[in-house]
Structures are given as C-alpha cells and as structure tokens.
Visitor: 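If you scroll down you'll find the structure; I have some questions about it.
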Amino acid sequence: MSTELLVQAAALLSAPLAGLSTLLAVRLRRAARSAAARESGLRGRLAELERRCAELADSAVRDPLTGVANLDLLKRTLEREVARCGRRPPTQPQRELAVVLLEVEGFELVTAEQGRGRAQAILRDLAQRLSLEVRRTDTLGRYGGTEFLVLLPDTDRAGAAKVAERLCWTVRRHRLLDWSGTPWSADPAPGSGNGLRATAGIAVLPADGGHPVPLLRAADRALAAAKRVERAELAERGRTRAMSAERHGNLSPCAGPGPIVQAGAARTVAAVTGADEVHA
C-alpha cells in the first residue's frame, strides 16, 4: 500500500516538475538569445568605433584639400628614412634616399575661369593622379600651395630625375575634370597640354649621411635653379616669336616656326636639374 502511495505521489509531482523544467529551458534560451543580441550590438559598436578611429588617424596624416600626405607626415617619414639610411650595417651597401620637390603653375587661370571651389577640386584630382605615378614605398604629399614633395627611398639621382620627369609630364597631360587651358584630344599635338606646367628640383642624401633640413633646402635650391632655366627658355621663345613676326611681315606670329607659349598654358619645361649633394 505504501508503494502505491509513493507511486501516486511521484505521479502528482512529475507534472509540476516537467512544467518547471520546460519553463526553465525557455528562460535559458531567451537569456542566451538576449546575450547574443547584446554581444552582436557590442561588436557592431566596436567595429564602428574602430572605423572612426581609423578615419581620424588617416585624416590626421592627410591633407584635407588634396587627400595626399600632409606636411606633418612628410616630415616624420623623411626623418625616419634619413635615420634608416644612417643605420646601415658595415656589411651592407649604402642605402639611398632622394627627394623631388615639384611645383605646379597655372592654377591662377583655372581659378579665374572656374572659381576657387572648382580649382580646388581640380587640384585634388591632379594630386590623386600624381600619387599613382610613384611606388607604394614612396611618399607623395602636399608641401604647401601647389607644391608637392616626393620621398624616394632606395633611389639614386638618376632614378629621382626619371620620377621628376614623369611627374612633370603627368601634370601637363592629365585631363583635369574636363577642364583644359587648351583643347584636349586623345592624341595631343606637340606643345599642347591642359594649361598647367610643372617644375621640379631633386636632391639626394650623401653617402656619409645627412639631415632632413639641409636635404629639403637642397631640393628647394634645385627647384629655384630649375625655375631660372624655365624663365630663360620662356624669354628665348618670346624673342623667337617676335623675330618670326618681323620676318613674316603682316602674318600672325602663330605662322612662324617654333612653339608659341601663352600665359597660363605654357609648355612643360623639363626643369630637372642636377641635385645638390647635401651635408648636415
């Protein structure tokens, strides 16, 4: 009889216990889903914070107008590269470092015709195009105004001259957001371009090491010398045009032989001079 009572009692208790276990399982599943949702939300917020931090870090080293490296990043990178060249082990060959200082001229005409906002957009477009002309290991940044500085690790004077020539060519030939100082075509005639011109000066770090400041000064002196060469060439072309006009009588000067140079649309001058040897 006692056994039957126990069986009956167990049967009566089993139903509530089963209900409690089912309720507990449901609550555990809800808690797990809630925890997973909170975790997913936290992961999303963390990803958003990481994205914003990356944007802030990138904006801190990017020129806000052109999107290329800013002056601060250029200086820090140059200091690091100069220090790297000075840490050469005796058994390894001398590391090389060159810089190219590029000045773009002709934006006065762009600003006058298109307005400042459009001119800034064109400058940004040009800067992004120039950044494609250098290696991943190189650094191109805005030095100030319409001047750009390119840091070229493991590059000698001849290599820097080739980079400078390519950048000058790109400045003159790149189609600037459908604006051009002279008519643009897929196969431009000799002497035509987009209305801009570029001058470049190069400098190389000497074999016995150096310092970033005199290296930049040497590049600036090379750029100044290149601009003097450019002005002399432009003056000579002006004299040639005047002589041609006298020779042809009442014909337009454009009928004379030789290139005609117009203000704001001058030919790109191959103004890459011999680089200075730089000592601290």
Side-chain angles (χ1 to χ4, degrees), residues 63-75 77-78 98-112 114 116 119-134 138-152 155 157 159-174 176 179-182 193-204 212-235 237 261-276 278:
D63 177 65
L65 177 59
T66 61
V68 297
N70 61 15
L71 184 58
D72 183 61
L73 179 59
L74 285 173
K75 290 181 176 179
T77 304
L78 181 59
V99 299
V100 174
L101 184 57
L102 181 77
E103 181 174 353
V104 181
E105 297 180 285
F107 269 95
E108 298 83 359
L109 180 61
V110 183
T111 304
Q114 302 292 319
R116 183 173 299 276
Q120 290 178 343
I122 290 174
L123 180 60
R124 180 182 178 86
D125 175 59
L126 177 61
Q128 293 297 315
R129 182 64 184 85
L130 290 174
S131 67
L132 300 178
E133 295 295 331
V134 298
D138 301 332
T139 303
L140 182 143
R142 189 184 181 200
Y143 196 62
T146 56
E147 287 186 341
F148 297 90
L149 183 67
V150 189
L151 311 181
L152 304 169
T155 304
R157 182 180 307 190
K162 291 180 181 179
V163 173
E165 291 170 358
R166 186 167 67 248
L167 292 175
C168 287
W169 188 92
T170 300
V171 167
R172 180 168 172 265
R173 292 294 184 180
H174 180 50
L176 304 171
W179 181 89
S180 178
T182 57
N194 58 18
L196 302 181
R197 57 183 180 272
T199 312
I202 65 175
V204 294
V213 173
L215 182 63
L216 292 176
R217 288 176 180 170
D220 191 60
R221 290 195 301 270
L223 176 61
K227 293 180 71 173
R228 287 194 296 270
V229 172
E230 177 187 20
R231 286 193 294 268
E233 290 185 359
L234 292 175
R237 289 173 190 150
V261 179
Q262 299 177 347
R267 296 197 312 164
T268 299
V269 178
V272 182
T273 68
D276 297 316
V278 185

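Quantities reported herein were computed from a predicted structural model and do not represent experimental measurements.
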Visitor: To the closest 0.5 Å, what do you measure between CD (Q128) and NE2 (H174)?
Guide: 9.5 Å
Visitor: Are any of the side-chain heavy atoms of E108 and T111 separated by less than 4.5 Å?
Guide: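 Side chain of E108 against side chain of T111, heavy atoms only: no contact under 4.5 Å found.
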Visitor: What residue among L102, L130, L167 forms side chain to side chain contact (heavy atoms under 4.5 Å, CB included) with V150?
Guide: L167
Visitor: Hey, are the side chains of L126 and T146 touching, using non-hydrogen atoms and a 4.5 Å cut-off?
Guide: no
Visitor: Tell me the closest heavy-atom pair linking A69 and T139, and the distance in Å.
Guide: CB-CG2, 4.1 Å
Visitor: For A127, which residues count as a side chain to side chain contact (heavy atoms under 4.5 Å, CB included) partner, sequence neighbours excluded?
Guide: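 Checked A127 against side chain to side chain contact (heavy atoms under 4.5 Å, CB included); matches are T66, V68, F148.
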Visitor: Which atoms form the tightest heavy-atom contact between I202 and A160, and what is the distance?
Guide: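 Looking at all heavy atoms of both residues, the closest pair is CG2-O, 4.1 Å.
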Visitor: Check whether any side-chain heavy atom of E230 sits under 4.5 Å from a side-chain heavy atom of E105, and report yes or no.
Guide: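 Sidechains of E105 and E230: in contact.
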Visitor: Output the distance between atom CG (L101) and atom CZ (R221), rounded to the nearest 0.5 Å.
Guide: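 Going from the CG atom of L101 to the CZ atom of R221 covers 12.0 Å.
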Visitor: Got a second to check how far D220's CG is from Y143's OH, nearest 0.5 Å?
Guide: 6.5 Å
Visitor: Could you walk me through whether L216 and L78 satisfy the side-chain contact (heavy atoms from CB on, under 4.5 Å) test, starting with their C-alpha distance in whole Å, then the side-chain angles of each, then the deciding distance to 0.1 Å, before giving a yes or no?
Guide: CA-CA 10 Å; L216 292 176; L78 181 59; 3.7 Å; yes
Visitor: Measuring from atom CZ of R197 to atom CD of E103, what distance do you get when rounded to the nearest 0.5 angstrom?
Guide: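 Reported value, rounded in 0.5 Å steps: 9.5 Å.
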Visitor: Do you know which two heavy atoms are closest between V204 and A98, and how far apart they sit?
Guide: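 Of all heavy-atom pairs spanning V204 and A98, the closest is CG1-CB, 3.8 Å.
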Visitor: Under the rule for side chain to side chain contact (heavy atoms under 4.5 Å, CB included), what residues qualify as partners of R228, not counting sequence neighbours?
Guide: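 For R228 the side chain to side chain contact (heavy atoms under 4.5 Å, CB included) partners, ignoring immediate neighbours, are A224, A225, R231.
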Visitor: So which heavy atom on T199 is nearest to which on A226, and how close?
Guide: CG2-CB, 3.5 Å
Visitor: Applying side-chain contact (heavy atoms from CB on, under 4.5 Å), run through V99 and L149 and close with a yes or a no.
Guide: CA-CA 7 Å; V99 299; L149 183 67; 4.2 Å; yes
Visitor: Holding to side chain to side chain contact (heavy atoms under 4.5 Å, CB included), I want the full list of residues that pass it with D72, two or more places apart in sequence or in another chain.
Guide: N70, R76
Visitor: Working to the nearest 0.5 angstrom, can you tell me the gap between F107 CZ and R116 CZ?
Guide: 12.0 Å
